[in-house]
There are 2 protein chains.
Amino acid sequence: MEKQTITIYDVAREAGVSMATVSRVVNGNPNVKPSTRKKVSEVIERLDYRPNAVARGLASKKTTTVGVIIPNITNVFFSALARGIDDIAAMYKYDIILANADESVDKELNVINNLLAKQVDGIVYMGYNVEDEMIKTIKASRTPVVIAGIVSDDPELYTVSIDIRLAIEQMTERLIQSGGKRPAIVTDSDRYYVNEVHRIPGYKSALAKYDIEVDDDLIIQSDFTDDEGPIIVDQLRSAKATGVVVTKDDIAVGILNALTDSGVKVPEEFEVITSSNSVLTKYTRPQLSSLQYPLYDVGAVAMRLLTKIMNHEEIDQRQIILPHKFISRQSTKPQE
Amino acid sequence: MEKQTITIYDVAREAGVSMATVSRVVNGNPNVKPSTRKKVSEVIERLDYRPNAVARGLASKKTTTVGVIIPNITNVFFSALARGIDDIAAMYKYDIILANADESVDKELNVINNLLAKQVDGIVYMGYNVEDEMIKTIKASRTPVVIAGIVSDDPELYTVSIDIRLAIEQMTERLIQSGGKRPAIVTDSDRYYVNEVHRIPGYKSALAKYDIEVDDDLIIQSDFTDDEGPIIVDQLRSAKATGVVVTKDDIAVGILNALTDSGVKVPEEFEVITSSNSVLTKYTRPQLSSLQYPLYDVGAVAMRLLTKIMNHEEIDQRQIILPHKFISRQSTKPQE
DNA sequence: CTGTTAGCGCATTCAC
DNA sequence: GTGAATGCGCTAACAG
């Protein structure tokens with residue numbers, strides 16, 4: 001399995017120059033006479049020389065590679081975010097090592113250590129929780145890390161996200177304003193941190209505004225497997241919910257379909273509002289109203305922030321909150 | 001931006017051994033006395049030493065990294081495939097560099113060269129076409145490449161796929177058998193090679209079996225943007241199609257929804273069958289009948305094949321065809 | 001079992 | 001402008 005065999009020395013010899021000169025033209029160093037630059041370039045072309053990025057990385061201590069940690073590849077939430085990251089990374093000539101943490105905290109740590117071993121220049125982390133040990137590892141490594149999709153209160157951390165607490169509060173308010181006195185919330189249970197610190201508080205504060213008492217039966221956590229929709233709907237109905245805020249689009253689809261399958265009219269009898277505005281929302285009938293989570297932007301901004309840190313540019317803000325909106329489709333009543 | 005500073009020398013000094021010994025314990029070489037192994041391990045732990053994978057890669061000429069080239073991150077087709085790849089890669093301790101080719105042949109070449117420069121140990125390629133220049137690059141590099149999702153007639157190439165021609169033929173037959181004399185086919189236009197070499201021939205051979213003449217108006221290529229569903233449906237209806245084979249799930253969803261939105265009853269008046277059996281098929285109403293493309297398996301088998309090549313194991317078959325099935329849901333009439 | 005010694009391919013001073 | 005020399009951190013013979 002001999003890989004690339006042509007080295008900088010081969011080029012140097014063929015071109016009748018030293019390897020230092022070849023290195024210079026490869027790296028666009030201006031201190032090369034145009035004529036020799038041309039000569040060397042020709043040889044590079046002819047020999048199909050391709051600089052060994054590994055050797056380069058060792059010598060320069062830069063790999064032009066960033067690690068992206070995601071909880072689960074198959075999560076629709078991810079693809080839009082990934083595109084944002086990828087676009088900006090490509091723009092700045094960084095490659096991406098995609099590391100799937102498989103929804104497990106242990107693996108996350110494993111994965112981040114792995115990335116550090118690979119000497120990535122930076123990391124975009126989209127995890128579940130901001131675990132203490134994670135933070136420790138992040139801080140100990142001198143590798144820049146940007147956390148995407150989670151708000152943290154640790155001022156040292158770089159984060160890009162929307163104000164989730166506020167968003168959930170507003171979504172809940174919408175349900176209340178359109179007449180439902182018993183709005184429910186269904187969260188994906190695996191994101192403990194976000195649930196406890198942002199979502200549930202947001203939900204409760206909306207209720208508080210309208211003097212509605214919290215009923216724990218209306219707070220449902222779900223791991224969601226494909227056919228869980230009907231189960232959740234049963235819980236929702238026996239708790240006499242009038243509408244539901246859902247934090248994950250595929251769960252919302254499951255609930256919506258279970259609802260209509262069982263003859264409940266959405267939105268007339270029951271409102272559903274979801275959180276990611278992924279493509280799924282447009283594929284259902286009725287189409288799902290959703291928080292417009294600017295996924296692409298979060299990814300792009302996170303990556304952009306990371307490049308700034310890697311380039312030692314000045315950072316005016318470590319915690320970036322992006323604005324969010326709402327898209328009213330057909331699963332909620334029209335707002336007046 | 002000082003990265004990891006602790007080297008194998010630091011560990012060696014602290015443990016009072018040579019760096020070779022440290023290297024041995026790190027790599028699990030059995031030729032180390034248990035007591036010194038223990039001593040070294042403790043120092044590693046204490047210093048939080050993490051072997052530099054870049055240096056390792058340079059010295060050993062192995063990076064334990066594989067490149068995965070995909071046409072488009074946001075394609076639902078991909079996520080299942082990626083999971084198959086990722087699972088097996090993780091099993092064999094390989095990291096993945098995800099390279100997005102952005103649906104462009106130029107970028108594909110660019111991307112593959114980039115991957116080769118990074119000295120990946122192997123590549124899984126899920127491209128559109130098997131371009132000549134791609135093949136040349138693949139063969140010139142001594143890096144193993146497995147092509148996933150496309151059948152090729154080049155016996156030197158490693159490929160993992162289903163028999164697409166046959167699958168399309170069978171899908172078309174199903175539509176014919178359930179009474180439709182004018183089955184149409186809608187393909188994503190960007191996959192030229194697959195369309196010309198596998199899909200259209202499969203479609204035509206089904207027609208031939210039933211002595212149905214080919215009507216070019218029934219062969220539609222679409223780039224598909226979100227709201228193109230109604231347009232395609234218009235074409236379909238003015239061509240008097242009785243049903244349609246769709247090659248991409250999101251296009252199928254668009255068509256299905258446009259159909260029902262305009263009052264056409266599916267499957268009674270019009271049948272739809274799609275090709276990837278992605279999660280989308282279950283999210284629509286009616287649910288989409290689909291070719292069961294074993295995406296996960298294709299990804300997993302491709303990755304497994306790649307590991308075999310990388311390990312110089314014996315390969316008994318370069319072109320692997322995986323079996324496919326069909327899932328009858330609600331967008332086609334029940335088969336008798 | 002353990003230490004010594006070469007490179008791996010390149011970026012990078014430092015001279016000239 | 002250009003070349004020679006050094007070292008990045010590690011693996012892999014090769015001795016002992």
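Sequence lines set the chain letters: A, B, ... in the order given, protein chains first and strands last, and positions in each chain run from 1.
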Enquirer: Less than 3.5 Å apart, any donor N or O on the side chain of B/R37 or B/N29 sitting next to an acceptor on the other?
Expert: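 B/R37 vs B/N29: no donor-acceptor pair found between side chains.
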Enquirer: Without decimals, in angstroms, what is the distance between B/K38 NZ and C/dC1 P?
Expert: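 In whole Å, C/dC1 P and B/K38 NZ are 17 Å from each other.
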Enquirer: Under 4.0 Å, heavy atoms only, any strand: does A/V17 hit a base, just the sugar-phosphate, or nothing?
Expert: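 Sugar-phosphate: the residue A/V17, judged by heavy atoms under 4.0 Å, touches backbone atoms but no base.
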Enquirer: B/N31 or A/V54: which one's nearest nucleotide on DNA chain C is closer to the 5' end?
Expert: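 Result of the comparison: B/N31.
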Enquirer: Take the protein atom CG of A/L58 and the nucleotide atom P of D/dT6, then report the distance between them rounded to whole Å.
Expert: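 These atoms are roughly 18 Å apart.
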Enquirer: Is the backbone of B/T63 close enough, under 3.5 Å, to the side chain of B/T65 for a donor and an acceptor to pair up by distance?
Expert: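 Yes, the answer is positive, given that a donor and an acceptor are paired below the 3.5 Å cut-off.
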Enquirer: What is the separation between atom CG on A/N29 and atom C1' on D/dT2, rounded to the nearest whole Å?
Expert: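 Result: 11 Å.
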Enquirer: Passes side chain to side chain contact (heavy atoms under 4.5 Å, CB included), B/Q319 versus B/D154? Steps please.
Expert: CA-CA 9 Å; B/Q319 331 256 314; B/D154 184 332; 5.9 Å; no
Enquirer: When you measure from the side chain of A/N311 to the backbone N and O of A/E313, does any donor-acceptor pair fall under 3.5 Å?
Expert: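 Not a single qualifying donor-acceptor pair exists.
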Enquirer: Please check if the side chain of B/D121 supplies one atom and the backbone of B/T64 the other of a donor-acceptor pair under 3.5 Å.
Expert: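 Such a contact is found between B/D121 side chain and B/T64 backbone.
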Enquirer: For B/Y158, which residues count as a ring-ring contact (aromatic ring centres under 6.0 Å, His included) partner, sequence neighbours excluded?
Expert: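 So B/Y158 forms no ring-ring contact (aromatic ring centres under 6.0 Å, His included) with any residue.
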Enquirer: What string of B, S and - do you get for nucleotides 10-16 of chain C 5' to 3' if you count protein non-hydrogen atoms under 4.0 Å?
Expert: BBB----
